[in-house]
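Here is the structure we will look at, set down as structure tokens.
Along the sequence shown, residues carry numbers from 1.
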Amino acid sequence: HLRSPSGTRIDACCLLLHISVSTEPNTYGTVDELRVMMQSQRSLISQQGRDIHQLSAELSRLGSQPSTPIASAPAAGPRAARWPLELALDAGVNGARAGRPS
């Protein structure tokens with residue numbers, strides 16, 4: 001018996017369907033290719049976890065330092081002073097953009 005989405009039984013209703021036999025290409029690759037891809041992704045996740053741990057430790061270390069700005073360049077003026085935490089965050093972001101840990 002056919003029923004509506006709310007569960008009500010539908011009387012005197014016909015269901016028409018069309019069945020065809022065909023083939024469809026497997027776009028997901030072979031089992032071995034999928035395993036290699038999964039291993040690669042697991043390695044990447046593991047590396048990213050290590051990078052996060054390292055950056056977290058660096059942030060903790062920098063967070064425990066006195067809060068005094070550091071000149072970010074030798075000829076830096078008073079507006080170019082940067083906080084240690086800000087420098088570490090920039091280094092982490094720039095290293096990630098370059099595809100390598102900082």
Side-chain angles (χ1 to χ4, degrees):
H1 299 285
L2 291 177
R3 296 191 179 266
S4 71
S6 63
T8 307
R9 187 174 171 181
I10 302 173
D11 291 324
C13 180
C14 298
L15 175 65
L16 302 175
L17 75 122
H18 174 79
I19 299 174
S20 65
V21 177
S22 64
T23 58
E24 207 170 302
N26 179 1
T27 58
Y28 299 108
T30 65
V31 172
D32 291 333
E33 290 171 339
L34 289 174
R35 284 187 183 134
V36 168
M37 185 186 312
M38 289 296 296
Q39 182 59 37
S40 171
Q41 290 175 348
R42 285 184 181 137
S43 295
L44 178 61
I45 290 169
S46 178
Q47 179 61 45
Q48 290 171 338
R50 287 190 298 274
D51 292 346
I52 289 170
H53 180 72
Q54 178 186 1
L55 289 172
S56 177
E58 182 71 13
L59 287 174
S60 294
R61 185 184 67 77
L62 291 172
S64 66
Q65 291 182 354
S67 297
T68 56
I70 298 172
S72 58
R79 292 181 180 228
R82 311 267 314 265
W83 299 96
L85 186 59
E86 184 181 355
L87 292 170
L89 289 172
D90 283 349
V93 169
N94 292 334
R97 284 189 187 137
R100 65 187 184 283
S102 57

With rounding to the nearest 0.5 Å, note down the distance linking CG in D51 to CD in Q48. 7.5 Å
Side chain to side chain donor-acceptor pair (under 3.5 Å) with T23: which residues, sequence neighbours excluded? none
Please say whether more than 12 non-hydrogen atoms of neighbouring residues, nucleotides or ligands are located less than 6.0 Å from CG in L17. yes
S60 side chain to S56 main-chain N or O, any donor-acceptor pair under 3.5 Å? yes
Do any side-chain atoms of residues 30-39 form donor-acceptor pairs under 3.5 angstrom with protein atoms, and if so which ones, sequence neighbours left out?
residue : atom : partner : partner atom : Å
T30     : OG1  : E33     : N            : 3.2
E33     : OE1  : T30     : N            : 2.9

Salt bridge (Lys or Arg N to Asp or Glu O under 4.0 Å) partners of R50, counting only residues at least two apart: none
I52 CD1 to L59 CG distance, which is reported to the nearest 0.5 Å: 11.5 Å
Mind checking side chain to side chain contact (heavy atoms under 4.5 Å, CB included) for T8 and listing every partner two or more places apart, or none if nothing turns up? S4, S6
